Amino acid sequence: EAQVTQNPRYLITVTGKKLTVTCSQNMNHEYMSWYRQDPGLGLRQIYYSMNVEVTDKGDVPEGYKVSRKEKRNFPLILESPSPNQTSLYFCASRHYSGSAGTGELFFGEGSRLTVL
Amino acid sequence: GDSVTQMEGPVTLSEEACLTINCTYTATGYPSLFWYVQYPGEGLQLLLKATKADDKGSNKGFEATYRKETTSFHLEKGSVQVSDSAVYFCALSDRAGGYQKVTFGTGTKLQVIP
């Protein structure tokens with residue numbers, strides 16, 4: 001089954017304790033991206049990657065890191081989480097082919113993070 | 001930069017009522033336009049899309065037409081069901097940006113009551 005898998009789905013942590021949210025896709029997609037969803041703000045892009053070892057900042061990258069060492073995985077790292085990073089996080093992927101940007105984004109089920 | 005503006009929700013309708021959710025956009029190039037739907041507790045999934053002016057996307061009884069002259073992509077359904085209750089996001093992917101980014105609206109929550 002084609003899917004994007006995120007873990008953990010729910011996490012409560014404390015300020016400053018490093019955490020990683022994993023994301024894996026089994027569709028051989030080149031493009032992967034992280035979003036956060038906050039009430040009244042919709043989805044905002046954190047980071048994206050167009051292929052292995054190629055990553056770039058989205059609209060709200062501060063406080064986050066990513067890596068893309070393998071095509072299927074795109075972990076989101078919070079080195080020192082703060083309460084303003086409490087949010088619902090989504091990983092998404094799609095094929096990327098130059099000008100053919102009409103492809104569907106496939107989303108994971110989300111990871112709800114609370115930072116106390 | 002690119003932006004998407006959706007009507008504010010929540011929208012509450014009775015079953016079998018007509019639905020319109022307004023969406024307008026600003027883009028520097030020639031965007032592709034999308035509607036995504038998020039059911040409770042789930043991730044977003046593509047509902048429909050249109051890739052050029054005057055295209056009509058349709059799926060599950062929902063329709064939206066790409067109107068370049070009014071920079072709009074309104075979502076419509078003639079008769080909603082309780083199972084349509086969800087949050088709907090309008091989005092665009094801009095060719096001028098190399099399609100590297102998908103810009104989302106803030107979402108419109110729809111509640112359909114029996």
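Everything numeric here is computed off the predicted structure, so don't read it as measured data. Here is the naming used below: chain letters follow the sequence lines, and residue numbers restart at 1 for every chain.
- Residue B/Glu15 places its CD atom among more than 12 non-hydrogen atoms of other residues, nucleotides or ligands, all under 6.0 Å distant.
- Connection of A/Leu113 to A/Ile46 is established within a shared hydrophobic cluster, with ILVMFWY side chains joined at heavy-atom distances below 4.5 Å, either directly or through further cluster members.
- When hydrophobic clusters are built by joining Ile, Leu, Val, Met, Phe, Trp and Tyr residues whose side-chain heavy atoms come closer than 4.5 Å, directly or via intermediates, B/Tyr88 is grouped together with B/Leu48.
- Contacts of A/Tyr35 with chain B are made by side-chain atoms alone, with heavy-atom separations under 4.5 Å and no backbone atom involved.
- Residue contact with chain B, scored on non-hydrogen atoms closer than 4.5 Å, is absent for A/Asp38.
- Counting only heavy atoms from C-beta outward, the side chains of B/Leu44 and A/Leu43 approach each other to under 4.5 Å.
- Residue A/Phe90 holds its CZ atom at 10.0 Å from CD of B/Glu42, rounded to the nearest 0.5 Å.
- Nearest heavy-atom pair across A/Arg94 and B/Ser93 is NH2-OG, 4.3 Å.
- Summarising the local packing, CD1 of A/Ile12 is surrounded by 12 or fewer heavy atoms from other residues, nucleotides or ligands at distances under 6.0 Å.
- Of the two parts of A/Arg44, neither the backbone nor the side chain holds a non-hydrogen atom closer than 4.5 Å to a non-hydrogen atom of chain B.
- B/Gln6 does not touch chain A: none of its heavy atoms, backbone or side chain, sits under 4.5 Å away.
- Note: the hydrophobic cluster containing B/Leu47 does not contain B/Phe89 (ILVMFWY, side chain heavy atoms under 4.5 Å, direct or indirect links).
- Only the side chain of A/Gln37 comes within contact range of chain B, judged by heavy atoms closer than 4.5 Å.
- Tracing side-chain contacts under 4.5 Å through hydrophobic residues (I, L, V, M, F, W, Y), one never reaches A/Phe107 starting from A/Val4; they form parts of separate clusters.
- Of the N and O atoms on the side chains of A/Glu104 and B/Gln45, not one donor lies less than 3.5 Å from an acceptor on the other residue.
- Counted within 6.0 Å of CZ on A/Arg9, heavy atoms from surrounding residues, nucleotides or ligands total more than 12; the atom is thus considered enclosed.
- The main-chain N or O of A/Leu105 is found under 3.5 Å from a side-chain atom of B/Tyr36 such that the two form a donor-acceptor pair.
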